[in-house]
Amino acid sequence: MGKHSTNMRVKLPIFCLLLEAITILLFAIFVRYNDETDASEWHDRMKKHNESNADNDFYFRYASFQDVHTMIFIGFGFLMTFLKCYGFSSVAFNFLIAAFGLQWSTLIQGFFHGFHDGKIHIGIESMINADFCTGAVLISFGAVLGKTSPVQLIVMTLFEVTLFGINEFIILSILGAKDAGGSMTIHTFGAYFGLVVSRVLYRPQLEKSRAREGSIYHSDLFAMIGTIYLWMFWPSFNSAVTAHGDDQHRTVLNTYYSLAACTLATFALSSMLNGEGKLDMVHIQNAALAGGVAVGTSAEMMLTPFGAMIAGCLAGIISVLGYKFLTPVLDSKLKIQDTCGVHNLHGMPGILGALIGVIVAAAATADIYGLGMEDVFPLIYDGTRTSKSQAVYQLLALLVALAFALIGGIIVGFILTIPIFGAPSDAQCFEDAIYWEVPGEEGHQQMIAVNTEDPDQQTNA
Amino acid sequence: MGKHSTNMRVKLPIFCLLLEAITILLFAIFVRYNDETDASEWHDRMKKHNESNADNDFYFRYASFQDVHTMIFIGFGFLMTFLKCYGFSSVAFNFLIAAFGLQWSTLIQGFFHGFHDGKIHIGIESMINADFCTGAVLISFGAVLGKTSPVQLIVMTLFEVTLFGINEFIILSILGAKDAGGSMTIHTFGAYFGLVVSRVLYRPQLEKSRAREGSIYHSDLFAMIGTIYLWMFWPSFNSAVTAHGDDQHRTVLNTYYSLAACTLATFALSSMLNGEGKLDMVHIQNAALAGGVAVGTSAEMMLTPFGAMIAGCLAGIISVLGYKFLTPVLDSKLKIQDTCGVHNLHGMPGILGALIGVIVAAAATADIYGLGMEDVFPLIYDGTRTSKSQAVYQLLALLVALAFALIGGIIVGFILTIPIFGAPSDAQCFEDAIYWEVPGEEGHQQMIAVNTEDPDQQTNA
Amino acid sequence: MGKHSTNMRVKLPIFCLLLEAITILLFAIFVRYNDETDASEWHDRMKKHNESNADNDFYFRYASFQDVHTMIFIGFGFLMTFLKCYGFSSVAFNFLIAAFGLQWSTLIQGFFHGFHDGKIHIGIESMINADFCTGAVLISFGAVLGKTSPVQLIVMTLFEVTLFGINEFIILSILGAKDAGGSMTIHTFGAYFGLVVSRVLYRPQLEKSRAREGSIYHSDLFAMIGTIYLWMFWPSFNSAVTAHGDDQHRTVLNTYYSLAACTLATFALSSMLNGEGKLDMVHIQNAALAGGVAVGTSAEMMLTPFGAMIAGCLAGIISVLGYKFLTPVLDSKLKIQDTCGVHNLHGMPGILGALIGVIVAAAATADIYGLGMEDVFPLIYDGTRTSKSQAVYQLLALLVALAFALIGGIIVGFILTIPIFGAPSDAQCFEDAIYWEVPGEEGHQQMIAVNTEDPDQQTNA
């Protein structure tokens, strides 16, 4: 194995345990229950403000939180199991980095958003935001899937979560842009960050592993579990942290119709672009989701149902076109090896979503929003901004997200090239057997024989 | 391929894009946010009626909606992946027609139920109803699974959704029948519609594809994902649009116990009817769900828990008996080829459910329901009807559902025989490879060699 | 087959139908809707107490209930599909015994907890508790997985549910201990009960079936579906029956962070303990969940987020250590054959969880809990107990749970040895084909040839 030692026996435990210990220490110092999770404070608040238990934000957001949670751990995790020999790593590294990411982002987002009297106060909304942040990391993971060691992924998570927190703070708090479903903060940032990291980690001899960079029949069915969960629960994702009442309700509705329309467009394009009119599972698994990304910024706004459907259609079309024509070019010309095609699912639709947000914000009027303006565009409501200036800030936010992704991706990409993190060699990519005790099975056996010296336990033989 | 051209390159994109364009246009003209999703109207309403955000129907129904959504896309989708060579088509065509169906049914149901001042007003309840309507289409899909092209399925969806809307309007609005979980409107209608379509599309030489009309070990496990989700969330299905409070609560409880009892009966019968006492996955995957269908009409009524359990047991018993004895007869004598056995899961249990509804309605008294009568039987509550006359209307509703299914199924069945829709030949049924770029895999390879001239991409070879 | 007749044709139907009939009869006599599910009573209550439909407990608990339901049927069911030739039995026997268990526990728990005026009143909380009780049975099922017939499992369920109800009544009602997430009542009891049963049913020649006691590549992916669902929804499990408001909210938060920390510890230990630093799917599938068990008693208390994380880390560490070092010893020295390693996932972490509960209860002060003390520690709140005495009762509760598990396990274990229940022979364990019509598939075919005389239907051949 030489310079590419993928043996994780020392590195992975040290990184996991050390970071966990630091995280726990920082939690002990900084993190406290907020006034809805603290026994004493909540009862004081109920008494003081004449509230009841039903007013606890838990009941407005917990169902949505669990849907988001399902998207992060089942959705992203299984979507990536399409690779024939990388199912264990896909679902389990997804699990690992999301579990670390949500803890770390509680701290980072807490410092920027929930820091009062020297303490970070947490509850259901901070938990949703922590999950959101891991979503961006998992998008980046999709770009480098199969080509990075778990230690590299943890290091990437550490830095990306930190950058995410700063980027999000600038976009939401400083620029006052709206981005409830994270077209900019999550999808655009996560995708381009991952693509730049993948560019820095370019593998000129990845051909050696190409035989494993594909699916088999049942791995595509596992991936469809991920797809369908992401598709179904995307309305919860976009609405999870919007204001109570009409805002959550409308965001769900817009996302639902956007995704439905996107699905039709995806099937149409997938069939149209194939010589024999055959559908491609890659498109169905991914492009059908682009409709959720495309309304991530605007779904809480008065987008109108048919507006949402147009957005969804556009997203589905550009996404399939991207898979068909752009991904090969990114690989061959720009040296960006994008395993899951996150540029097509999150990158371009994320930018589209941001631009739709610009347009819909520019069209906001007091007549359309009424008293609901306060929740959707508080700065327009209180007279600080016009619709047009809000639109300009929305556009600025997109540029900030792109800038953070590009610069951050370059820096973190170079950090990940440090040999000690144990990247696999070009011939070892997309291969579970280098990280896992893999049980014997026909299809898998054939593939792993290529790269591993030690035969894994063959219970089937 | 001659007259049976299954090449979808032109047809599928045209149908998808054209119908989507028409749908968007109709949405633009007719569909508007209702007063719970519109920013301005909701805030006006809160002010006028002294309501709070917590009164938004979203918080009473969203968790149920997502459960229903999961049943439609994961439940139905994966239940049908039991076929060894048709997993892609099962889950993905389910996805396609549900995504189209929910948009189209928003329009159709909107014209009949939510049309005010020339506009259709939508929110969480209309979204649930749209999902419900797609449920009926997916039941019909189960009857013709593997024997119809995606274009045929889209055409079927277009017409079936329309008929569903009319049928539902007659049953609920004109006859004033109750059918919260859709024993009649969804299950009976969907099943018999699909069976009649299957009869019209009878394939005399389906034997040529019988080798593929079965499961393999892991495809049965994928199907169990569908089964378990349908089973778990059926209480949400039956209760999703019932009245707030005791109605939703009681409907959930009745369905929960009906399904539990049905499961015991299913295992008992499945073992009893096998020569060696062995269980049959087909029964477990399907008959165990019949308990949800059997209380679809009556679960919101004062059925009593033990009444629900008796209903569930009966449904499980007739469903297993149907799979064992009736399905072969339907095929050989009546020329009804019912791929998923929807007659046993939805047809007979749907009729049973309607009849139980008749009985429980007839037994309604002011003493049992108290002030709750208004929600369950408004026409009995306001004195328009007696319990007995309500029961008669319930029975009439069943006949209407059957009539719509039979006549509609014949008409739509004949429409689907138009050659341009690209039905597969009798020898090409239950085969993903005619519609999909199928990745290489041993088990699958063997099967598809029978029918396709062009070798599909063999990444594994 | 001689004395080990595994033919279920007579036994299984009789047991299922007889028990179901008895259950329905007992429901008819004893079980009634409570005042939140009964149409008349709920409307009377709303009128009398000036409540609205939103006050119905349904809206506080239904989303959590469905998460718990998913853990029971998908989580436990698929977690156990890791065995290469026992996937059907794992998911389907899980389904069967949970469906029976929840009905039976409604009666047993009802007699102890909800018995008023000679009737058991049921609603969403009793449904959650019924699901909880089946959780304990499913944990025991994990210990004996693959080595017991479905009839044995039903008999075990019948008795274990009964013992569970008595044990829970003593712990919660007589001792006044707190155990919202069931570290003691569910995990400790269920695990040690199952381990003792497994000890009584010790199979000296299980070596004959060892070739099937392992996973294959895709069976491990199916198992990960179970793992991830258990992991995601554990916060709902621990909080499902805690008091409204801060209690549910805080319990969710503590469990979320405990599990996240546990996951890092699990990956670290799994890699550290392998000679090549390779991860083991068994650890990831199981030990990463121990964090949920470890805060089952204390998550509703003011554990603090970093306290939860420490608990999670400890649980992950002892769990992986248990799989690595203790399970082989239990098997070889103590003759306890623990198929799923429930001692590592539920046994030791359950005891740990109980002890953490002792410590956190002892640390309770009026200052920390304020008026929230009433919900968490009512006996401390009303002055009946000090924190220290509450801690003593918590410790007593653990001893009661262990005693019930050990004595109950011995008795029930011996009952299960009655030959009529049809246990498989030592050479027939972990084999679906003795209970199921198994469709042909390469990998599976090879294994089942060992034990079955009759060739199962080979649709593939």
Side-chain angles (χ1 to χ4, degrees), chain A residues 7-10 12-13 16-17 19-20 23-24 27-28 31 33 36-44 47 53-54 56 58-59 62-63 66 69-70 73-74 77 81 87-88 91-92 95-96 99-100 102-103 122-124 127 150 218 222 225 435-442 444 454 459-460, chain C residues 54-55 59-60 63 67 211 214-218 220-221 224-225 228-229 231-233 236 244-246 248-250 252-253 256-257 259-261 263-265 267-269 271-272 274 276-281 284 288 302 305-306 309-310 313 367-373 375-376 442-443 446:
Chain A
N7 188 317
M8 294 286 126
R9 190 172 186 184
V10 177
L12 186 61
C16 284
L17 294 179
L19 284 174
E20 187 59 48
T23 304
I24 291 178
F27 263 65
V31 176
Y33 296 125
E36 299 190 312
T37 44
D38 186 279
S40 175
E41 288 181 45
W42 172 248
H43 281 81
D44 287 349
K47 210 172 171 183
N53 280 320
N56 197 301
F58 180 77
Y59 300 105
Y62 187 58
Q66 279 294 3
H69 217 39
T70 303
F73 288 90
I74 288 283
T81 59
F88 287 11
V91 70
F95 185 25
L96 173 64
F100 171 60
L102 67 86
Q103 296 177 74
I122 60 174
I124 190 70
M127 287 161 65
H218 71 250
F222 278 114
I225 298 174
Y435 304 120
W436 296 90
E437 291 286 351
V438 178
E441 195 175 18
E442 323 71 46
H444 197 81
D454 57 310
T459 47
N460 224 15
Chain C
D55 295 312
Y59 301 105
F60 290 88
D67 291 350
S215 63
I216 48 175
Y217 195 66
H218 72 249
D220 270 326
L221 283 176
M224 279 302 286
I225 296 174
I228 300 286
Y229 270 103
W231 193 92
M232 293 189 303
F233 291 168
S236 300
H244 295 171
D246 62 298
Q248 284 195 289
H249 201 159
R250 181 173 59 250
V252 158
L253 191 150
Y256 173 83
Y257 286 106
L259 285 161
T263 303
L264 274 278
F267 274 83
L269 268 281
S271 174
M272 190 190 293
N274 180 283
E276 302 170 87
K278 289 188 182 183
L279 295 159
D280 189 328
M281 260 291 164
I284 309 306
M302 290 290 285
F306 81 92
M309 292 156 83
I310 293 172
C313 275
D367 191 47
I368 294 170
Y369 288 83
L371 292 170
M373 184 71 91
D375 290 330
V376 184
E442 321 73 45
Q446 299 173 348

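Numbers restart at 1 for each chain; the letters A, B, ... are given by sequence-line order, proteins then strands.
Heavy atoms of A:I225 lying under 4.5 Å from chain C belong exclusively to its side chain. With a threshold of 4.5 angstrom between heavy atoms, C:D375 approaches chain A through side-chain atoms but not through N, CA, C or O. Both the backbone and the side chain of C:V252 come within contact range of chain A, judged by heavy atoms closer than 4.5 Å. Using a 4.5 Å cut-off between heavy atoms, A:E36 touches chain C through backbone and side chain atoms alike. For a residue to count as touching a neighbouring chain, one of its non-hydrogen atoms must lie under 4.5 Å from one of that chain's; by this rule A:F222 touches chain C with the side chain only.
A:I74 contributes atom CD1, which lies 8.5 Å from atom CE of C:M224 (distance to the nearest 0.5 angstrom). Atoms CG and CG, from C:N274 and A:L12 in turn, are 11.5 Å apart once rounded to the nearest 0.5 Å. We find the CG-CG distance between C:L371 and A:D44 to be 6.0 Å, quoted to the nearest 0.5 Å. Considering CZ of C:F306 and OG1 of A:T23, their distance stands at 14.0 Å, rounded to 0.5 Å. One finds the CG atom of C:D67 at 4.5 Å from the CD atom of A:Q66 (value rounded to the nearest 0.5 Å). A:E437 contributes atom CD, which lies 12.0 Å from atom CE of C:M281 (distance to the nearest 0.5 angstrom).
Of all the listed residues (A:S40, A:G87, A:G123, A:G77), the one sharing the greatest number of non-hydrogen pairs under 4.5 Å with chain C is A:S40. Heavy-atom pairs under 4.5 Å with chain C peak, among A:T81, A:L19, A:L96, A:V31, at A:L96.
Side-chain contact check for A:W436 versus C:I284: some heavy-atom pair is nearer than 4.5 Å. Side-chain contact check for A:E20 versus C:M309: some heavy-atom pair is nearer than 4.5 Å. Looking at C:H244 and A:F58, their side chains never come closer than 4.5 Å, going by heavy atoms from C-beta outward. Contact of the C:L221 side chain with the A:H218 side chain is not registered, since no non-hydrogen atoms from C-beta on lie closer than 4.5 Å.
The minimum heavy-atom distance between A:H43 and C:D246, with the atom names listed, is CE1-OD1, 3.0 Å. Across C:S236 and A:Y62, no two heavy atoms sit closer than the pair OG-OH, 2.6 Å. Taking both residues in full, the closest heavy atoms of A:P439 and C:I216 are given as CG-C, 3.7 Å, listed atom of the first, atom of the second, then distance.
Using the six-membered ring where Trp is involved, A:Y59 and C:F60 have ring planes that are perpendicular, over 60° apart on the 30 and 60° scheme. In this pair, C:Y217 and A:F88 present their aromatic rings parallel. The plane angle is below 30°, not in the 30 to 60° band. Using the six-membered ring where Trp is involved, C:F267 and A:F95 have ring planes that are perpendicular, over 60° apart on the 30 and 60° scheme.
Side-chain atoms of A:R9 never come within 3.5 Å of backbone atoms of C:G277 as a donor-acceptor pair (strictly under, hydrogens ignored). When atom types are taken as modelled, the side chain of A:Q103 and the backbone of C:A260 share a donor-acceptor pair closer than 3.5 angstrom. Side chain of C:H249 to main chain of A:I124: a donor-acceptor pair is present (N/O by atom type, distance under 3.5 Å, no hydrogens or angles).
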C:M272 vs A:L17, side chain to side chain contact (heavy atoms under 4.5 Å, CB included): CA-CA, chis, key distance, verdict: CA-CA 11 Å; C:M272 190 190 293; A:L17 294 179; 3.8 Å; yes
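A ring pair (Phe, Tyr, Trp, His ring centres under 6.0 Å) with A:H69 holds for exactly one of C:W231, C:Y229, C:F233; it is C:W231.
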